[in-house]
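The shown structure was predicted, so the numbers you read here are calculated from the model rather than taken from an experiment. The chain is numbered in sequence order, starting from 1. Side chains are part of it too, since the values below use all heavy atoms of this structure and drop only hydrogens, waters and symmetry mates.
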Amino acid sequence: MDFDLSEEQRLLKESIDGLLTDSYDFEQRKKYMKEKGGWSRAVWLKLAEQGLLGLPFSEADGGFGGGGVETMIVMEALGKALVLEPYLATVVIGGGFLRHAGTDAQKAAHIPGIIDGSKTLAFAQLEKNSRYDLFDVATTAKKKGDGWVIDGEKFVVLNGENADTLVVTARTKGDRRDKTGIGVFLVPANARGVTKKSYPTQDGLHAADITLTGVEVGADAAIGNPEDSLALIERVVDEARVALCAEAVGLMDESLKTTVEYIKTRKQFGVAIGSFQSLQHRASDMFVATEQARSMSMFATMANDFENAKERSNAIAAAKVQIGKSLKFVGQQSIQLHGGIGMTMEAKIGHYFKRLTMIENTFGDTDYHQRRVADAGGLV
């Protein structure tokens, strides 16, 4: 198969690489972490100016009609630069729900704001004890007239502190672990009854625990079928997993580059430690692991377009397994080859390792996805 980028895709890669080279070195990132919510509005608007926030949306909705490969290119670049801005939460996940199931009115109300950078979203899905099961939903949405009343708690909501709109999963009927009776609702973040507890996560991003108490929304808040939206949730989360795989490849690329540069300059016994054959072998193994991850990221990107939901889900789960194994190896070797300095906040390699670790545990860790692949009859 031809894995070369098209001319338009190469221009996209050059564009975002150039932007992040100018706007996102490690020292600048430290400054952005101190801004409200832990990311830079100025950088977010630059992403909007270059059309990156409108990339996956159709031209009819004001976007550029980009596909999975374009998202892969962007996420790899964001990973290399350790970008803090909520591209995953807003464009990939929030935008994904709107693209796949939003009404014309919902798209008109939210997509233009996403594209111009004036609106961000957050996916409020994880609940106490739900682990990685997307169907485990205790939050309720009960009918009140034509609208809904939502009650429940959501945890570790990325960008939950600053999002203008929350995309909330809630149960409209059935028991907590039933696979039917689940809806998805657009909830204004400043709605009465919404309370937040915000905090930084281990990788420098920000999240919030959100409580919804008697939150009233209109009939137009539901995205798709409010009684049967699990397939929609799985579809969008699969897209998020694919995006995370691409981000992890970017992180591994930069971790390998940074580590090789370090062992070429760090001296022991009067010579650069990179001259030691055992360390060269380790660096070679890191390269192989990164390339394995890159191949599986490409595979997941292609699998994202599979029409058969089970085949798509199984392929993406397999990719998440290999990505998880590779990132753990590359991250741990990077820290070990840096020695004690790799554990400090001043060394960027530690920040790469933290983000890789968080990706491994987002929307299912390696063990979880390995069980999924095994249950589907695949081998990993």
Side-chain angles (χ1 to χ4, degrees), residues 24 29 31-48 52-57 71 74-75 78-79 81-99 102 109-127 134 139 150 152-170 184-191 194-212 215 223 233 236-237 239-241 243-244 246-247 251 351 354-355 358-359 361-363:
Y24 232 97
R29 182 180 186 269
K31 296 177 182 177
Y32 301 152
M33 290 176 70
K34 297 177 182 178
E35 295 190 25
K36 183 179 182 297
W39 53 272
S40 168
R41 274 73 185 161
V43 171
W44 189 246
L45 291 177
K46 287 182 181 179
L47 295 176
L52 299 174
L53 305 187
L55 194 63
F57 299 107
T71 298
V74 172
M75 290 302 296
L78 298 181
L82 270 179
V83 167
L84 301 161
E85 284 64 36
Y87 194 91
L88 178 74
T90 299
V91 179
V92 177
I93 301 178
F97 279 107
L98 292 167
R99 287 188 297 107
H110 296 280
I111 291 179
I114 294 174
I115 292 173
D116 67 21
S118 63
K119 179 187 288 286
T120 65
L121 280 68
F123 183 37
Q125 173 265 323
L126 186 66
E127 298 194 3
L134 299 174
T139 297
I150 302 176
E153 292 181 293
K154 299 292 185 177
F155 298 93
V156 198
V157 179
L158 290 179
N159 195 45
E161 178 179 356
N162 293 306
D164 301 282
T165 302
L166 305 174
V167 181
V168 180
T169 58
V184 180
F185 299 87
L186 293 165
V187 178
N190 60 357
V194 175
T195 57
K196 308 173 186 177
K197 179 184 178 182
S198 305
Y199 48 87
T201 54
Q202 285 294 319
D203 53 358
L205 303 183
H206 278 232
D209 295 340
I210 297 178
T211 302
L212 302 105
V215 178
I223 304 179
I233 296 167
V236 174
V237 169
E239 290 182 352
R241 288 168 176 148
L244 286 169
E247 182 185 354
L251 287 157
H351 295 261
K354 288 181 179 181
R355 180 58 189 151
M358 291 294 284
I359 287 176
N361 288 281
T362 301
F363 295 130

Item to check | salt bridge (Lys or Arg N to Asp or Glu O under 4.0 Å) partners of D209, counting only residues at least two apart | outcome: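 Counting only residues at least two positions away or on another chain, D209 forms no salt bridge (Lys or Arg N to Asp or Glu O under 4.0 Å).
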
Next on the checklist: R241: which residues meet the salt bridge (Lys or Arg N to Asp or Glu O under 4.0 Å) condition with it, sequence neighbours left out?
Outcome noted: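 R241 satisfies salt bridge (Lys or Arg N to Asp or Glu O under 4.0 Å) with D238 once adjacent residues are dropped.
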
Any side-chain heavy-atom pair of [X] and [Y] under 4.5 Å:
{"X": "L166", "Y": "F185", "answer": "no"}
{"X": "V168", "Y": "L186", "answer": "no"}
{"X": "P56", "Y": "R99", "answer": "yes"}
{"X": "E247", "Y": "R355", "answer": "yes"}
{"X": "L244", "Y": "L88", "answer": "yes"}
{"X": "W39", "Y": "N162", "answer": "yes"}

Can you tell me how far [atom2] of [Y] sits from [atom1] of [X], rounded to the nearest 0.5 angstrom?
{"X": "N190", "Y": "D164", "atom1": "CG", "atom2": "CG", "answer": "8.5 Å"}
{"X": "H351", "Y": "L84", "atom1": "NE2", "atom2": "CG", "answer": "10.5 Å"}
{"X": "K354", "Y": "D203", "atom1": "NZ", "atom2": "CG", "answer": "9.0 Å"}

Item to check | Under the side-chain contact (heavy atoms from CB on, under 4.5 Å) test, residues paired with A48 that sit two or more places apart | outcome: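 Scan of A48 (side-chain contact (heavy atoms from CB on, under 4.5 Å), adjacent residues dropped) gives L53.
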
Item to check | Contacts of type side-chain contact (heavy atoms from CB on, under 4.5 Å), residue E127, not counting sequence neighbours | outcome: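 E127: side-chain contact (heavy atoms from CB on, under 4.5 Å) contacts with S130, V137, A138, T139, K154.
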
Next on the checklist: Let's go through H206 and S198 carefully: what are the C-alpha distance in whole Å and the side-chain angles of both, what is the deciding distance for side-chain contact (heavy atoms from CB on, under 4.5 Å) to 0.1 Å, and is it a yes or a no?
Outcome noted: CA-CA 7 Å; H206 278 232; S198 305; 5.6 Å; no

Next on the checklist: Around atom CD of E35, are there more than 12 heavy atoms from other residues, nucleotides or ligands closer than 6.0 Å?
Outcome noted: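 Atom CD in E35 is crowded, with more than 12 foreign heavy atoms closer than 6.0 Å.
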
Next on the checklist: I'd like to check the ring pair (Phe, Tyr, Trp, His ring centres under 6.0 Å) partners of Y24; sequence neighbours left out, ordered by chain and number.
Outcome noted: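 Here the qualifying residues are Y32.
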
Non-hydrogen atoms of [X] and [Y] that approach each other most closely:
{"X": "Q125", "Y": "T169", "value": "CA-OG1, 3.7 Å"}
{"X": "E161", "Y": "K196", "value": "O-NZ, 3.6 Å"}
{"X": "V167", "Y": "F123", "value": "O-CD1, 3.4 Å"}
{"X": "W44", "Y": "Y87", "value": "CZ3-N, 3.7 Å"}
{"X": "V236", "Y": "I93", "value": "CG1-O, 3.5 Å"}
{"X": "V157", "Y": "A122", "value": "CG1-CB, 3.7 Å"}

Checklist entry - Does the pair F97 and I233 meet the rule for a side-chain contact (heavy atoms from CB on, under 4.5 Å), with working shown? => result CA-CA 8 Å; F97 279 107; I233 296 167; 4.1 Å; yes

Item to check | Pair listing, side chain to side chain donor-acceptor pair (under 3.5 Å) test, anchored in residues 110-122, at least two apart | outcome: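 Listed by first then second residue: D116-S118, T120-N159.
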
Checklist entry - Can V187 and T165 be said to form a side-chain contact (heavy atoms from CB on, under 4.5 Å), step by step? => result CA-CA 6 Å; V187 178; T165 302; 5.9 Å; no

Indicate yes or no for a side-chain donor-acceptor contact from [X] to the backbone of [Y] under 3.5 Å, with no hydrogens or angles considered.
{"X": "T90", "Y": "L121", "result": "yes"}
{"X": "R29", "Y": "L82", "result": "yes"}
{"X": "R41", "Y": "G117", "result": "no"}

